> 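Just passing along the structure, written as structure tokens.
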Amino acid sequence: VVREGPGLWPSHGTWKGDFLAVDLGGSQFRAHQVKVFADGKQSSQLESKVYPTPKEVTEGNGAELFDYIADCLSDFMETKNLKHKKLPLGFTFSFPCKQTKLEEGVLLAWTKHFKVRGVQDTDVVSSLRRALQKHKDIDVDVLALVNDTVGTMMTCGYDDQRCEVGLIIGTGTNACYMEEMRHISLVEGDEGRMCINTEWGAFGDDGALDDLRTEFDRELDLGSLNPGKQLFEKMISSLYLGELVRLILLKMTKEGLLFNGKVSTSLLTKGKIEMKHVSAMEKDKEGLSNTKEILTDLNLFPSEEDCVAVQHVCTIVSFRSANLCAAALAAILTRLRENKKLQGCRQACERLRKLSACRYAGRLHKAVRRLVPTCDVRFVLSAGGSGRGAALVTAVAHRLAAQRRRLHAALSPFLLPLAVLRDVRDSMRAELEYGLKRETQGKATVKMLPTYVCGTPDGTEKGKFLALDLGGTNFRVLLVKIKSGRRRSVQMYNKIFAIPLEIMQGTGEELFDHIVQCIADFLEYMGIKGARLPLGFTFSFPCRQASIDKGTLVGWTKGFKATDCEGEDVVDMLREAIRRRNFDLDIVAVVNDTVGTMMTCGYEDPNCEIGLIAGTGSNVCYMEDMKNIEIVEGNEGKMCINTEWGAFGDNGCIDHIRTKYDREVDEGSLNPGKQRYEKMTSGMYLGEIVRQILIDLTKQGLLFRGQISESLRKRGIFETKFLSQIESDRLALLQVRRVLRQLGLDSTCDDSIIVKEVCGVVSTRAARLCGAGLAAVLEKKRENRGVERLQITVGVDGTLYKLHPHFSRVLQETVKELAPQCDVTFMLSEDGSGKGAALITAVAKRLHNVGQK
Ligand code: BG6
Ligand code: GLC
Ligand code: GLC
């Protein structure tokens, strides 16, 4: 979990402060206070206190253990006068833990002299936090869980940045080292390095060391707290070496080789010979006085020869330990060298405690040099144990936590609770009513435009039609052949044409001339030049209609802003452009894309009475009872209403949920102040919101190393398809970074995690808001029908709904929550709204012909 990067080793960073650490699992249990100064040369100061760990603690139950740690910490803070302060804490816990975060670790198994009930397989950080919470007198934040090897590496790395191995030979033995991320398949991300805690003490637990293990090793193992486990550790570490010596001496005595064959109780008592005895006896350079004294203290009454022999045993046992340890270390050094593809290798740090320091260290160094002669290893003794390192890791975690808090502050306004969504649903519902009522309709923001489409297709439609589809991601011209009766089917041919930006935002005449040019190209391409076919025009903008073939553009939305169109009849404009080119087409209907989509789906499923678009723009239409549409004469039957809900909120009614990013997007858009709901829910704007957030986070130094690149300044770089890619669950972070690189954004692994998160909150909010709006329409339909439960189909189209990996799911979930009495079938329109436009045209044509007859 400890990653390399700027600030891994704190002397790279510019921070300071007070940090706490507790260090559990070695021979001493300690609490530390570490002061870090950022005074140019960077230094730290360490104060510690040792607390006992009686057997009741190391072999009791979990709650008692963590309470005890919390009590000691509280006592420590009392003595250091720190009780009034809120302090971050690093927890050195020298046991194998599975970590998925720095501040979480599940204990895999106890090792060494610990065997506490009810802790294995649980997260030790939460247990410690729980115990700390009981202490109302202190305020401590556990930020990092660190193995002692890691703490040691960090401690030494603080002074020597080339330190990349941490070695413990103490009560237990273990090593950690910096591994290349690309080799760690358990962790996402391929770049940089992360510290791996090897837990090499368990080496041999699968039998790999059986050839080397002696009868004494086997006996020692059987008498330990964890038989069969940590077999390598049991041949090396100080907790076991004394015991090994005892077992050897016992056997030699029994065989009459020592102490005149007299087996004393101390030789029979487990744990009677400790590491300190072994070291002292071995150290006995000047004669045998130490050895004699120690053995006499143990009631063994040694002769001179006995002393020599015992010294010999001690030396052999610790020699073997040093050699085995050297072999394991050599394996790590070789790996590091291979990772770097270097001939020689750099340095390691080790920590030697409680062993016959000089001699043991000397043997170890010598053996390592012999095993990996090409590695130039430097051993640095960790001063102050791993506590300082743990505090340093904590300091980095502390800085990261501060960054997380700022990230959270930026993103939390996007997380709309259900209660807020209910309010949104209710205000949407109120706006729908305003738009339908004669008195309020003039001022209504949700315009509720009548479409003069009065029924869904009945299957009797037939003929050949042209359709235009303008206003979504693509501009299309289509030829649609509809057959009725037994051979009922729809065949479509279509071609996509580009509309250049200068045409979208040029003059109206240019725009319509371009459209007609495309129609002419299409007819030629299809080989039907000169055919006078009836045409349905899908025009995905708000139009006030007085009949099916008349539509006055209320105002441009999305990316269009051609001059001289607003307030004009778009059918007239199209007809004039056709006349300018001297050909003839019969424009029969102008249709909003929502209506076209509803009709397309309605052709398959007559229960489809709602059309939803979640694409470049956002909008809904639905079949409303004529009696509720006050601005259209007549009370019989139904008519489709194009709600134009994108304008919801233009009167300020959702301003309380708009963020500063929404306001920035609005201000930079073609229609400031307009379509506020659409700007929070549709594809054209989501990428822009994301871009605004990224700019802000970069300014705060949380992203892209604080550098706002040229590409990030470009409006519109995040199209819906990029958002969809970034949020796809199937993409690994590396691929996210590739997408970002395509957009000209050079990201680190951490950057890409943040970008993904930003995209996630923005698209989730969009889907939830859209769901809240749809719930309002559904509830209205349910009341219209006067039923307890509504069964209805919603026809849906749009790139956001279709391409985004989560949008449709979140939308549907929200609808379930906010309109629980409606059973909704979401039907994807596969053929776009052009087919629907052709169907409407067919119906209109039939009615027209009937009328003429
Ligand atoms: C298409 C419709 O399938 O979806 C268009 O035919 C509509 O009329 C579009 O505008 C909406 O989606 P987008 O994402 O392309 O705007
Ligand atoms: C044991 C622990 C390990 C620790 C080592 C040294 O092997 O399992 O986590 O690093 O002892 O204390
Ligand atoms: C915009 C248009 C609307 C259209 C929607 C989806 O909101 O104003 O008419 O239905 O985009 O394309």
Side-chain angles (χ1 to χ4, degrees), residues 23-28 92-98 105 107-114 145-153 166-176 197-203 205 226 229-234 236-240 351 353-354 385-386 446-447 449 451 469-474 538-543 551 553-560 590-598 611-621 642-648 671 674-679 681-685 770 796-801 832-833:
D23 184 346
L24 181 81
S27 53
Q28 290 182 334
T92 300
F93 183 70
S94 312
F95 300 96
C97 285
K98 198 175 163 73
L107 176 67
L108 296 176
W110 287 110
T111 56
K112 303 178 282 192
H113 53 307
F114 277 70
L145 179 75
V146 183
N147 187 265
D148 52 354
T149 52
V150 183
T152 298
M153 182 187 76
L167 174 64
I168 299 279
I169 317 170
T171 310
T173 181
N174 191 12
C176 71
N197 166 14
T198 65
E199 286 295 329
W200 77 18
F203 179 43
D205 291 5
N226 51 350
K229 299 277 160 61
Q230 302 288 106
L231 298 183
F232 190 55
E233 178 161 270
K234 286 170 185 165
I236 293 180
S237 74
S238 64
L239 183 62
Y240 306 100
R351 165 128 179 272
R353 278 203 7 240
K354 293 283 144 128
S386 59
V446 179
K447 289 174 218 67
L449 303 168
T451 64
D469 188 348
L470 178 77
T473 308
N474 296 310
T538 303
F539 184 68
S540 310
F541 300 94
C543 283
L553 176 62
V554 177
W556 286 116
T557 55
K558 302 179 281 192
F560 281 72
V590 59
V591 180
N592 188 264
D593 53 353
T594 52
V595 185
T597 299
M598 183 184 79
L612 168 69
I613 298 282
T616 310
S618 170
N619 194 14
V620 150
C621 73
N642 166 15
T643 66
E644 286 296 329
W645 80 6
F648 175 53
N671 50 353
K674 300 268 167 66
Q675 303 289 103
R676 295 188 196 176
Y677 181 66
E678 177 161 84
K679 286 172 185 164
T681 51
S682 78
M684 177 156 170
Y685 305 97
C770 190
V796 201
D797 204 342
T799 40
L800 188 56
Y801 191 90
S833 49

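Heads up: numbering here begins at 1 and tracks the sequence. What's counted below: heavy atoms across the whole structure, side chains too, no hydrogens, waters or symmetry copies. Quick caveat: nothing in here was measured; it's all calculated off a predicted structure. Start at 1 and go down the list; that is how both ligands and their atoms are numbered.
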> Taking non-hydrogen atoms only, is Ser618 closer than 4.0 angstrom to ligand 3 via side chain, backbone, both or neither?
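For Ser618, only backbone atoms sit under 4.0 Å from ligand 3.
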> Considering only heavy atoms of Pro542, which atoms of ligand 3 have at least one such atom less than 4.0 Å away?
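Answer, ordered by atom number: 8 (O), 9 (O).
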> So does Cys176 get a backbone contact from the side chain of Asn197, meaning a donor-acceptor N/O pair under 3.5 Å?
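Pair absent, no side-chain N/O of Asn197 close to backbone of Cys176.
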> Any donor-acceptor pair under 3.5 Å linking the side chain of Thr173 with the backbone of Ile169?
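No: the side chain of Thr173 does not pair with the backbone of Ile169.
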> Could you tell me which residues satisfy ring pair (Phe, Tyr, Trp, His ring centres under 6.0 Å) with Tyr240, sequence neighbours excluded, listed by chain and number?
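Here no residue qualifies.
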> What are the atoms of ligand 3, with element, lying closer than 4.0 Å to any heavy atom of Asn619?
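This gives 3 (C), 4 (C), 5 (C), 9 (O), 10 (O) as the contact atoms.
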> How long is the straight-line distance from CG of Leu612 back to CE of Met598, given to the nearest 0.5 Å?
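The CE atom of Met598 sits 12.5 Å away from the CG atom of Leu612.
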> Looking at Phe95, which atoms of ligand 2 are within less than 4.0 Å of one of its heavy atoms?
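Heavy-atom distances to Phe95 below 4.0 Å select 2 (C), 8 (O), 9 (O).
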> List every atom of ligand 3 that sits less than 4.0 Å from any heavy atom of Thr557, numbering the atoms from 1 in the order shown and giving each element.
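It comes down to these atoms of ligand 3: 1 (C), 2 (C), 8 (O).
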> With sequence neighbours excluded, tell me which residues meet ring pair (Phe, Tyr, Trp, His ring centres under 6.0 Å) with Phe93.
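Expected list: Phe91, Phe95, Trp110.
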> Is the side chain of Lys558 donor-acceptor paired with the backbone N or O of Ser540 at a distance under 3.5 Å, no angle test?
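At least one qualifying donor-acceptor pair exists.
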> Of the backbone atoms (N, CA, C, O) and the side-chain heavy atoms from C-beta on, which set of Asn147 has a member under 4.0 Å from an atom of ligand 2: side chain, backbone, both, or neither?
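Near ligand 2, Asn147 shows its side chain, while the N, CA, C and O stay back.
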> Considering the heavy atoms of Ile613, write down every atom of ligand 3 situated less than 4.0 Å from one of them.
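Under 4.0 Å from Ile613, ligand 3 has these atoms: 6 (C), 12 (O).
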> Looking only at distances, please establish whether an N/O atom of ligand 3 is found under 3.5 Å from an N/O atom of Thr594.
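No, Thr594 has no N/O under 3.5 Å of an N/O on ligand 3.
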> As an exercise, state the distance from CD1 of Ile236 to CH2 of Trp200, rounded to the nearest 0.5 Å.
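Answer rounded to 0.5 Å: 7.0 Å.
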> For Asn592, take its heavy atoms, then give the atoms of ligand 3 lying under 4.0 Å from any of them.
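Once the distances to Asn592 are compared, the set is 3 (C), 9 (O), 10 (O).
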> Tell me whether Gly471 reaches ligand 3 (any heavy atom closer than 4.0 angstrom to a ligand atom).
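The answer is no: ligand 3 sits nowhere under 4.0 Å from a heavy atom of Gly471.
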> If you measure from atom 5 (C) of ligand 2 to every heavy atom of Leu239, Thr198, Asn174, which option wins on shortest distance?
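Among Leu239, Thr198, Asn174, the closest heavy atom to atom 5 (C) of ligand 2 belongs to Asn174.
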> Can you see which heavy atom on Gly617 is nearest to which on Ser682, and at what distance?
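Answer, listing the atom of Gly617 first, then Ser682: C-CB, 3.4 Å.
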> Side chain or backbone, does Asn642 bring an N or O within less than 3.5 Å of an N or O on ligand 3?
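No; every N/O pair is 3.5 Å or more apart.
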> Check Asn226 against Lys234 and note the closest heavy-atom contact, atom names and distance.
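Residues Asn226 and Lys234, closest heavy atoms: O-NZ, 2.9 Å.
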> Can you name the atoms of ligand 2, numbered from 1 with element, that are less than 4.0 Å from a heavy atom of Thr111?
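Matching atoms, with element in brackets: 1 (C), 2 (C), 8 (O).
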> Have a look at Glu199, Lys229, Gln230 and point out the one with the heavy atom closest to atom 3 (C) of ligand 2.
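Going through Glu199, Lys229, Gln230 one by one, Glu199 has the nearest heavy atom to atom 3 (C) of ligand 2.
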> Just to check, does Gly201 reach to within less than 4.0 Å of ligand 2 when the distance is taken from its heavy atoms?
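Not so, Gly201 does not reach ligand 2.
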> With a 4.0 Å cut-off on heavy atoms, does Pro96 reach ligand 2?
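So Pro96 counts as touching ligand 2.
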> Return the residue, atom name and 0.1 Å-rounded distance of the protein heavy atom closest to atom 11 (O) of ligand 2.
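Among all protein heavy atoms, the one nearest atom 11 (O) of ligand 2 is Lys112 NZ, 3.0 Å.
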> Mind checking whether Thr557 and Met684 have side chains closer than 4.5 Å, heavy atoms only?
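No; the side chains remain at least 4.5 Å from each other.
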> Are the side chain of Asn619 and the backbone of Glu644 linked by a donor-acceptor contact shorter than 3.5 Å?
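Here the side-chain-to-backbone pair exists.
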> For atom 2 (C) of ligand 3, which candidate among Cys543, Ser540, Gly555 provides the closest heavy atom?
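Shortest heavy-atom distance from atom 2 (C) of ligand 3: Ser540.
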> Counting heavy atoms only, which of Asp148, Thr152, Thr92 comes nearest to atom 10 (O) of ligand 2?
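Of the listed residues, Asp148 has the closest heavy atom.
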> Going by the order shown, which atoms of ligand 2 are within less than 4.0 Å of some heavy atom of Glu233?
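This gives 1 (C), 7 (O), 11 (O) as the contact atoms.
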> What are the two closest non-hydrogen atoms of Pro96 and Leu107, and how far apart are they?
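Between these two residues, the closest heavy atoms are O-CD1, 3.5 Å.
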